[in-house]
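For the numbers below, each heavy atom of this structure counts, side chains included, while hydrogens, waters and symmetry mates do not. Being a predicted model, the structure only gives us computed values, none of them experimental.
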Amino acid sequence: MWLTSEMYNGLLSKIMTVIPHWSVNLLTYAGKVQLINSVVFGLQSFWCASILLPKIVVNQINKMCRNFFWSSDTRTRLVFKSWSSMCLPRTEGGFDIREILAWNKALLAKLLWNLDRKSSGIWVTWIHAYYLNKADIWRIAPSSVHSESFRSILKIRDLCIDKLGTIISAQTWLRNCLSATGFSVSKAYDLFRDRGNSIPWACVLHGKAIIPSHGLISTLAGQRKLPTIDSLCQRGIYLINRCCLCKNHCESHRHLFFNCSYSKEVWNAMISWMSLSHRSAYLISELYWTQRRGKKKHWKTNWFRGSLSATVYYLWSERNNRIFEGRERGSAQLSLSSLLNM
């Protein structure tokens, strides 16, 4: 039996039902990422572990998740960062959201590994007895008598051979995906996912010392992907472009976080509180790279990273509070809030 895209409507309707219930809550971007990674992927995990989802179905799920992230519902809104780039690791400028199709392929690669090593189990024994019949899993051709699940495994087999060049290379790669607890789906996922350019400063904005919502906003600010007024104007939403913090210049990422007189007062207060000069702040950031080279990390590294991301986060929050709620705080009050919530 061949499955059609209409047969996946049950999966799509479940996701469509869950997301509107989330939109009633005031979720941060980090909270939305957590829900997408846990609940949405939990709903489709059984399907991904059994058959290869059609691209049209995967695209619909990705579209719903993307719209939820940017607008808190499933309707199409302005998008400032592509979904494919959001699914990249944090070291490559993404948010560590699992890419559904790549994860789907990695789960099926585990089934291919079970068949290749003839692991114990009723399902593996049945496949070898009725489908393979002493044939090699790496050379058998797909047939109309095969189930959708088995044809999906053969597609992954062919994809692995295409990516790695030969059958021997594909078999070696499967063996390299082993861990202490068995086959590592995460290692297999690394082969199928898209690749991005490594971003050196990304590691400064993420880690155990960084509040997730602070790190995510700082990442978007560093990539100029926040919905500032100049970005909205570029997308056809024409507004009076004036910085609501200093009320003197046009709003842009560079001005809002660094060139604005209000922002400068906040940054100076943070640096003064840490008893640092601008040069000292730079040196402390360099301490992180010392730790990356295998040396002991200085205790001031996390201190600096936490204050950096907290300051960017609270500057963005102050900007939104002034625009949408009409509430204003002085730079000294904002600096105090940043320090108390590092």
Where do Ser309 and Gly306 come nearest, in terms of heavy atoms and distance? OG-O, 3.2 Å
Sub-3.5 Å donor-acceptor pair from the side chain of Ser152 to the main-chain atoms of Ile51, do we have one? no
Which atom pair, heavy atoms only, marks the closest approach of Cys177 to Phe183? CB-CE1, 3.6 Å
Measuring only between side-chain heavy atoms, which start at C-beta, is Phe68 closer than 4.5 Å to Leu35? yes
Worked check of side-chain contact (heavy atoms from CB on, under 4.5 Å) between Leu226 and Phe257: CA-CA 12 Å; Leu226 290 172; Phe257 294 108; 3.7 Å; yes
Within the distance-only criterion (no hydrogens, no angle test), does the side chain of Asn114 pair as donor or acceptor with the backbone N or O of Ser119 below 3.5 angstrom? no
Is the closest side-chain heavy-atom distance between Tyr262 and Leu315 below 4.5 Å? yes
Same apolar cluster: Val40 and Phe69, side chain cutoff 4.5 Å: yes
Would you say the side chain of Arg193 lies within less than 4.5 Å of the side chain of Leu88, judging by non-hydrogen atoms? yes
Got a donor-acceptor contact below 3.5 angstrom from the Arg157 side chain to the Ile140 backbone? yes
Do the side chains of Val58 and Leu159 join up, straight or via other hydrophobic residues, at under 4.5 Å, putting them in one cluster? yes
Is any side-chain heavy atom of Ile237 closer than 4.5 Å to a side-chain heavy atom of Ile229? no
The reported gap from CG in Asp158 to NZ in Lys163 (rounded to nearest 0.5 angstrom) is 13.5 Å
Under the criterion side-chain contact (heavy atoms from CB on, under 4.5 Å), I'd like the reasoning laid out for Trp267 against Leu308: C-alpha separation, chi angles, the key distance, then a yes or no. CA-CA 9 Å; Trp267 285 113; Leu308 173 66; 3.6 Å; yes
For residues 239-247, tabulate all N or O donor-acceptor pairs below 3.5 Å that involve a side-chain atom, not counting sequence neighbours.
residue	atom	partner	partner atom	Å
Asn241	OD1	Glu251	N	2.6
Lys247	NZ	Cys244	O	3.3
Lys247	NZ	Glu328	OE2	3.4

Has Lys81 got its NZ or CZ under 6.0 Å from the middle of the six-membered ring of Phe95, at an angle within 45 degrees of the ring axis? yes
Can a cation-pi geometry be assigned to Arg98 and Phe192, taking NZ or CZ under 6.0 Å from the six-membered ring centre and within 45° of the ring axis? no
State plainly whether the residues Asp190 and Arg195 are in salt-bridge range, i.e. N to O under 4.0 Å. yes
Which heavy atom of Pro212 sits nearest to which heavy atom of Ala30, and what is that distance? C-CB, 3.8 Å
For a quick check under 3.5 Å, do Ser169 and Thr166 share a side-chain donor-acceptor pair by atom type? yes
Just verifying a value: how many Å separate Arg254 CZ and Asn259 CG, rounded to the nearest 0.5 Å? 6.5 Å
Count I, L, V, M, F, W, Y as connected when their side-chain heavy atoms are under 4.5 Å apart, and connections chain through other members. Are Ile323 and Leu256 then in the same cluster? no
Looking only at heavy atoms, which two atoms of Lys187 and Leu178 are closest? And how far apart? NZ-O, 3.1 Å
Are any non-hydrogen side-chain atoms of Trp83 and Ile97 less than 4.5 angstrom apart? yes
Within the 6.0 Å centroid threshold, strictly below: Trp70 and Phe80: yes
From Cys160 atom SG to Leu112 atom CG, the distance as rounded to the nearest 0.5 Å: 6.0 Å
d(Tyr29 OH, Lys32 NZ) to nearest 0.5 Å is 6.0 Å
Is Glu99 salt-bridged to Lys105, going by a charged N under 4.0 Å from an acidic O? no
Is there a donor-acceptor pair under 3.5 Å between the side chain of Ser272 and the backbone N or O of Ala269? no
So, taking the atom named CG in Asn9 and the one named NZ in Lys14, what distance separates them when rounded to the nearest 0.5 Å? 13.0 Å
Student check: side-chain heavy atoms of Arg322 and Arg327 closer than 4.5 Å: no
Applying side-chain contact (heavy atoms from CB on, under 4.5 Å), can you list everything that pairs with Gln234, at least two apart in sequence or on another chain? none
Looking at every heavy atom in both Ser13 and Gly10, which two are closest together, and how far apart are they? OG-O, 2.8 Å
For the CD1 atom of Ile161 and the CD1 atom of Ile156, what is their distance to the nearest 0.5 Å? 11.5 Å
Measure the shortest side-chain to side-chain distance between Trp138 and Leu115 over non-hydrogen atoms and say whether it is less than 4.5 angstrom. no
Apply side-chain contact (heavy atoms from CB on, under 4.5 Å) to Leu154 and Ile137, showing your working. CA-CA 8 Å; Leu154 296 183; Ile137 183 63; 3.9 Å; yes
Less than 6.0 angstrom separating the ring centers of Trp126 and Tyr131, yes or no? yes
Starting from Trp113, can I reach Ile168 by hopping between I/L/V/M/F/W/Y residues whose side chains sit under 4.5 Å apart? no
Ring centroids only, cut at 6.0 angstrom: are Tyr314 and His214 within range, meaning strictly under it? yes
Does the side chain of Val124 come within less than 4.5 Å of Leu111's, by heavy atoms? no
Tell me if the CG atom of Asn197 is crowded by more than 12 foreign heavy atoms within 6.0 Å. no
Got a donor-acceptor contact below 3.5 angstrom from the Asn59 side chain to the Lys55 backbone? yes
Treat each ILVMFWY residue as a node, draw an edge where side-chain heavy atoms are under 4.5 Å apart, and state whether Val33 and Ile210 are in one component. no
Can you list the steps and then say if Cys48 with Leu107 is a side-chain contact (heavy atoms from CB on, under 4.5 Å)? CA-CA 7 Å; Cys48 286; Leu107 289 171; 3.7 Å; yes
Closest heavy-atom pair, Cys87 versus Tyr189, reported as atoms and distance to 0.1 Å, is O-OH, 4.0 Å
